[in-house]
Every structure is written in structure tokens, then in C-alpha cells.
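Shown next, in C-alpha cells, is the structure this report addresses.
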2 protein chains.
Amino acid sequence: MGASKTTAFTQADVTVAKYAKALAHPARIAIFRLLLERRSCICGDIVEELPLSQSTVSQHLKELKAAGLIKGDIEGKKVCYCIDAQEWKQAQQALAVLFAGDEPCHTSCC
Amino acid sequence: MGASKTTAFTQADVTVAKYAKALAHPARIAIFRLLLERRSCICGDIVEELPLSQSTVSQHLKELKAAGLIKGDIEGKKVCYCIDAQEWKQAQQALAVLFAGDEPCHTSCC
DNA sequence: TAATTACATCGTAATAATGCGATGAATAAT
DNA sequence: ATTATTCATCGCATTATTACGATGTAATTA
């Protein structure tokens, strides 16, 4: 196969997995960090920060945009990317389920 | 290609991406949630909770184990899985970088 | 010992992801 | 108008992921 059985899972699990998948690549993490650090939006300067070709970076940006995590506004001939604050808050809340209990395992086995 | 250029990225970014990748599937999210809820370890009861075959679940467990997020201890003929508390704390810290600034974008473009 | 149970692994098939060069579209500069 | 810049998209090759049945392994049970 190769396609995940998204039908049979919880909507919440699918959502969390979607966000995790969007961040499941070093390049996309780097892009996201850039957009977090320089709170202001950046454009294709991202390409120069990454060891990837322009087309590859564009593709990673597309995936982040598909997940809803970032937005891209056209500014003349440049494009300005920034984090979608609302969606990112939703993502944080969805991911927060995994950060709940911080206590170790109490059973005998481990 | 198909292989990510892990060489040219920050070690931190590679690490975060590794954890995100491990959680980038609804089945693995479901497994992880199960291990969080029932704080005690579970074994192949996981298979009955998921709409996947035993071999597929075993593969997902393998990936979570490869990322270091869970451990599996053999108990007779059953195997007991649980979250690796130490590694999970490291993962939380690594992922926390993305949860830093919660202020919206201040520039003109968005 | 033989049969059963609980998992892991192998083999296979289908799909997705990664990366890049080439091309295209739109705006800015000359 | 022509050229250059910025970015997106297409096409291709390569590798990774997902899924499952079949098989193997180790421990338990009959």
C-alpha cells in the first residue's frame, strides 16, 4: 500500500498525525524555526538558509502551507511567509494531548 | 531521491524531525495515547484496539521503539510496551522549541 | 512431544515523499 | 519592449512508508 488508513482512526489522532507529519523533516523544522525567530515574515531568504535547491524548498513550504501551519502573501515579486497563528495554536492544543502525564510507568514490567 | 539530506541540517532540527516523524501516523498516535492513558504497560492488546493487522501494528511499534519513545519488555510469551519516560522527556524538550513564542506576526504582510 | 499462543520478521505490492533541473508565470528593472 | 528576478509547478528518478499474508521463533499449554 503506502497510504495510511485514515478512515478508521479517531479524528483527533488523524489531526495530530497531520501536524506531526508536516514537521517530520529537518528542512521544515528549520523553516518553522526561522519563522518563529524572525517573527516577521520572510520570503525566499529561506532558500539561502537551507542546503536545498529553490524548487525543493518551495515544495517544503507548500507542505507546511497544506497543513495550514504557514501562510504566504505575495509582495510584489516576492512572497512573504509567516506562521498562521490561529492554526498553530490549534496544532499546539492538539499536540498537547501527548504532553499530559509526566509520571513514569508504575507496573512491574518496566 | 527520497532520502532526506540529514547531513546538512542542525543536529537539533534533525532530532526534532525524528520525533515528529515517529508520531506522523494516526496508528502511532493511537498507540502512544494508549500507553499514556493506561500508564501501565500494555502488550498485544494494542492490536485489538487498532484497525490494523498484527504485523502492521508490530511494525509501528518497531518504529516507535526505533525513535526511542517506547520500550518493550518480554513477559513470558507476551511483550509489554510502555513509554520510555526519559527519552520522552527529551523529546518534549526538543519539541518545546516550537512552542516558544505565541505572539502573532507583526509585519505588514500578514 | 505436539499443539497453541504471542510476536517479530520477511516478502511483496502500492503509494508517498524527497530532491532537483527545467520550464512557466508574474512582477520589477533597464 | 526586453531582460532579470522571484517563485511555483511539472516531470523524472530514487528511496521511504504503509499494509498484509505467510512464515519463523520462542514460550506456554495440553
Side-chain angles (χ1 to χ4, degrees), chain A residues 1-9 13-14 17-31 34-35 41-67 70-82 109-110, chain B residues 1-9 13-14 17-31 34-35 41-67 70-82 109-110:
Chain A
M1 304 266 171
S4 48
K5 271 192 169 179
T6 59
T7 331
F9 293 100
D13 288 345
V14 173
K18 183 191 77 174
Y19 290 131
K21 195 172 191 173
L23 299 171
H25 194 286
R28 295 196 286 274
I29 294 292
I31 292 172
L34 266 175
L35 296 179
C41 315
I42 322 176
C43 59
D45 300 315
I46 299 170
V47 175
E48 298 186 359
E49 297 278 353
L50 299 183
L52 298 171
S53 75
Q54 179 262 321
S55 62
T56 303
V57 173
S58 187
Q59 213 168 321
H60 283 304
L61 287 167
K62 189 181 178 182
E63 284 181 52
L64 283 170
K65 208 159 67 176
I70 68 176
K71 290 189 296 187
D73 288 3
I74 302 175
E75 299 241 325
K77 71 177 161 185
K78 301 195 177 183
V79 174
C80 187
Y81 283 101
C82 61
C109 58
C110 49
Chain B
M1 303 275 166
S4 47
K5 271 189 167 180
T6 58
T7 330
F9 293 100
D13 288 346
V14 174
K18 184 191 76 174
Y19 290 132
K21 195 171 192 175
L23 299 171
H25 195 286
R28 295 195 287 273
I29 295 292
I31 292 171
L34 266 175
L35 296 179
C41 316
I42 320 176
C43 59
D45 301 312
I46 300 171
V47 175
E48 298 185 359
E49 297 278 354
L50 299 183
L52 298 171
S53 74
Q54 179 261 320
S55 62
T56 305
V57 172
S58 188
Q59 213 169 318
H60 284 303
L61 287 167
K62 188 182 178 182
E63 284 181 50
L64 284 170
K65 207 159 69 174
I70 68 176
K71 290 188 295 185
D73 288 4
I74 301 174
E75 298 243 323
K77 71 177 162 184
K78 300 195 176 183
V79 176
C80 188
Y81 282 102
C82 62
C109 59
C110 49

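Chain A is the first sequence line, chain B the second, and so forth, proteins listed ahead of strands; every chain is numbered from 1.
- Distance from the side chain of B/Lys77 is smallest to D/dT28 among D/dT28, C/dT18, C/dA8.
- Here the side chain of B/Thr56 is nearest to one of D/dC20, D/dA8, C/dC7, namely D/dC20.
- When the nucleotides D/dT18, D/dA8, C/dC7 are ranked by their closest atom to the side chain of A/Tyr81, D/dA8 comes out on top.
- If you check every strand for non-hydrogen atoms under 4.0 Å, A/Lys65 touches nothing.
- Atom-to-atom distance recorded for A/Lys65:NZ and A/Ser58:OG is 8.0 Å, nearest 0.5 angstrom.
- DNA chain C is contacted by both A/Arg28 and A/Ile74; A/Arg28 maps to the nucleotide lying nearer its 5′ end (nearest heavy atom per residue).
- Checked against C/dA8, C/dT18, D/dT9, the side chain of A/His25 finds its nearest nucleotide in C/dT18.
- For A/Ser55, the side-chain atoms get nearest to C/dC20 when compared with the rest of C/dT18, C/dA8, C/dC20.
- The side chain of A/Gln54 lies closest to D/dC7, out of C/dA8, D/dC7, C/dA28.
- Ranking D/dA19, C/dG19, C/dT15 by closeness to the A/Ala3 side chain, first place goes to C/dT15.
- Counting only heavy atoms from C-beta on, A/Ser53 has its side chain closest to C/dC20 among D/dG21, D/dT5, C/dC20.
- Counting to the nearest Å, the P atom of D/dA13 and the CD atom of A/Gln59 are 16 Å from each other.
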